[in-house]
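Scroll down for the structure; my scribbles are underneath it.
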Protein chains: 2
Amino acid sequence: MSVTIKDIAKAVGVSHSTVSRALNKSSLVNERTLARIRQMAGEMGYRPNVIAQGLKRKGTKTIALVVPDIANPYFITVAIGVQEKMRAFGYHMILANTNRNLETESEEIKLLCHRMIDGLVICPLSEASVPCLGYLREHEVPFVIVSRDVKGIATPVVLPDDFYGAYLATAHLADLGHTRIAHIAGPEKASVTVDRIAGYKAALSERGLSTDGQLVTMGPLDMSGGYEGARTFLERDDPPTAIFAANDLIAIGVLGYARERGIRIPEDIALVGFDDIDVARYLEVPLTTVAQPAREIGNRAGELLYEALHSPSETPLHRVIMRPTLVIRESSGAARREVGPRN
Amino acid sequence: MSVTIKDIAKAVGVSHSTVSRALNKSSLVNERTLARIRQMAGEMGYRPNVIAQGLKRKGTKTIALVVPDIANPYFITVAIGVQEKMRAFGYHMILANTNRNLETESEEIKLLCHRMIDGLVICPLSEASVPCLGYLREHEVPFVIVSRDVKGIATPVVLPDDFYGAYLATAHLADLGHTRIAHIAGPEKASVTVDRIAGYKAALSERGLSTDGQLVTMGPLDMSGGYEGARTFLERDDPPTAIFAANDLIAIGVLGYARERGIRIPEDIALVGFDDIDVARYLEVPLTTVAQPAREIGNRAGELLYEALHSPSETPLHRVIMRPTLVIRESSGAARREVGPRN
DNA sequence: AGAAATAATACACACGTGTGAATTTGGGTT
DNA sequence: AACCCAAATTCACACGTGTGTATTATTTCT
């Protein structure tokens, strides 16, 4: 087993409380014994048991990141952002997956609550997650919300401007001359879905284009969602000429469907994604996409959580909105405006 | 705060030890009070504090996964595999990143040791990680090694047959008529590098091809490694006609370099990767690659760790070798032998 | 030098839970 | 009714650490 302060106490010949003090607020302990204790601690390779400390200090230097789908590169990038920040602060990060399932989300949050995590960063599934978040509140676990907007919960939030991003993507397609622009959206009720649909429709109506509900489908934010969405649209008699996918995985699903059916992109169908995941530029057809700074979102979320963990009670309710940018590659059929391997 | 057994004890009017027993081995407590306690616990929404339990029980229902690079989709897939298994067993998973840095790895392991994790799954950097693993041993933290082979450490291991996989890849290229086949390998001294180079050379010499050291470079297992490796080879006067990349990220880096320089794949250079990450089939040039069952590797590692956590002392030293398969797509210039969106 | 002030250390309890041993309660037997 | 045994419950301590308070050792002042 590990050496404890008791072991050190025995070795030096003092009580464990003196050792404890020597290793923390040194003020109350004699210069000489302090030195002896510190040295002995070093020699014996003592490291405090963070968990035991946690019992007293009410904090285990552990936070959790709860996301709907860890297989999604976007969330992985956010995770990297959170992780690198929290690591710098001396925290460890538990990675939890809700699998896009409300029950799993609820259960996971409860489990996490009772393992004395100090706080968490969460991407909630939808408004329906509010009770879970309330549970966190009751148990006084600080949390920061990322990438989703949830009404009625007063807590820091870091998210992209989904409306604006969707507007950019749709406007880009419209400006290329497309008039029948479809949108493969995410799961119903999630803010990411609502806001991106709103941005999409705003761009359309601004240009006098129909915002026909027929041109929007909803489904999971993964490849299967894109594959199914593409089938829905492209099997119709009057298929759209352009698709705005709610994220890059959906766009990849569209690519897969298109390849199967011999549909060319961008010649037959123009395609725009969202997120700009790492591989977007290396795809079969380099993907025009709305880039959101996932890593920075993670960073900021980490910082805000750290603040919340260290402010006694009332911390300003930050609401960080990150502005996305449009990265034009080939899938939209426009002239390439970005080249190079990385950056 | 959360309700504790003391709260329940007060509410029911018994001592906290009775409550504790009622919620665990019910045998010693009266039928009626047991029922009352259980009900009250339910009403009050009691959940045991896993951390406090950990102090006594020596176990926090937490494990860690330590990998060199969380940005690598391969490790993410392994992580998903470990996570889904451990979650089923009621464990949480801390995700730690060593950033391919020996010091970070060492520091991280020490930190983790002292937060009472029950065990860990680790992909060590190289033989140089042995001291760290010894540290785990001393502190009696069970661990399972994945995706790397380390000599002199008696612990369960789950890894792909790197030799065989590399052999498959190289043989495939050779059988397509290539005689100058280069290999962009991983970091020096890692088993993954050594074994794949060995498999590569075995395939070459079996066919009477030169195993000229000039055709092997080593570097990081990421896109930058591929980009640099490609430059090294393709700037030469006598460039190879085929490249076997030690993983898919490297292959993507090669794709990036090739695109920049107008080099066509597979016409000018045939390319084979390793791992078969999710996006490999959707790349600019669908990637011929050696598929390893990353998720299953994670699953098996999780199972072995669970065994190790629950066997008093001597558990058989499993050594699970997963056999990889070659997935032929377009980047190697061979006839396509696999199609479809997923599976 | 003796009392008072101060410095240094030990004691005891706490955090939330688990558990062996002691104690109380209840039921049955004589 | 006295007794015994078993069942049920409480006591007391443990895990590793932190901290208020009591205690002891040392210095300072008169």
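Numbers restart at 1 for each chain; the letters A, B, ... are given by sequence-line order, proteins then strands. Computation of the quantities below employed the complete heavy-atom set of this structure, encompassing side-chain atoms and omitting hydrogens, waters and symmetry-equivalent molecules.
- Using modelled atom types, one side-chain atom of B/S129 and one backbone atom of B/L125 make a donor-acceptor pair closer than 3.5 Å.
- In this entry the distance linking CD1 of A/I5 with C1' of C/dC15 reads 14 Å, nearest Å.
- Rounded to an integer number of Å, the gap from B/I37 CD1 to C/dT17 P is 13 Å.
- Side-chain contact annotation: A/N97 with B/Q83, donor-acceptor N/O pair under 3.5 Å absent.
- The side chain of A/T33 places an N or O atom within less than 4.0 Å of a non-bridging phosphate oxygen (OP1 or OP2) of C/dT9.
- Here the P atom of nucleotide C/dG16 and the NE2 atom of B/H16 are 11 Å apart, to the nearest Å.
- Distance from the side chain of B/K58 is smallest to D/dC15 among C/dT9, D/dT17, D/dC15.
- Rounded to a whole Å, the CG atom of B/D7 is 9 Å from the P atom of C/dT17.
- Toward the 5' end of DNA chain D, the nearer of the two residues B/R36 and A/R57, judged by each one's closest nucleotide, is B/R36.
- Counting to the nearest Å, the C1' atom of C/dG16 and the CD atom of A/Q53 are 17 Å from each other.
- Using cut-offs of 30° and 60° on the angle between ring planes, the pair A/Y306 and A/Y91 is perpendicular.
- Of the candidate nucleotides D/dG16, C/dG18, C/dT9, D/dG16 has the atom lying nearest to any side-chain atom of A/T4.
- The side chain of A/S20 lies closest to D/dG18 when the candidates are C/dT17, D/dG18, C/dC15.
- As judged by a 4.0 angstrom heavy-atom cut-off over every strand, B/L28 is placed among the base-contacting residues.
- Computed from coordinates, the A/R47 CZ to D/dT17 C1' distance equals 17 Å when rounded to whole Å.
- Taking atom CD1 of B/I8 as the reference point, atom P of C/dG18 lies 11 Å away to the nearest angstrom.
- Neither OP1 nor OP2 of C/dG16 sits under 4.0 Å from any side-chain N or O of B/Y46.
- Taking every side-chain heavy atom of B/R21 into account, C/dT19 is the closest of D/dT17, C/dT17, C/dT19.
- Contacts of B/S17 with the nucleic acid, taken as non-hydrogen atoms under 4.0 Å apart, include base atoms.
- Contact detail for B/K151 and B/V130: the closest heavy-atom pair is O-CG2, 4.1 Å.
- Among D/dG16, D/dT9, C/dT17, the nucleotide with an atom closest to any side-chain atom of A/N49 is D/dG16.
- Here D/dA14 is the nucleotide among D/dG16, C/dT9, D/dA14 with the atom lying nearest to any side-chain atom of B/K56.
- Side chain of B/D69 to backbone of B/N99: no donor-acceptor contact under 3.5 angstrom is found.
- If you take CG of A/L55 and P of C/dT17, they are 9 Å apart, rounded to a whole angstrom.
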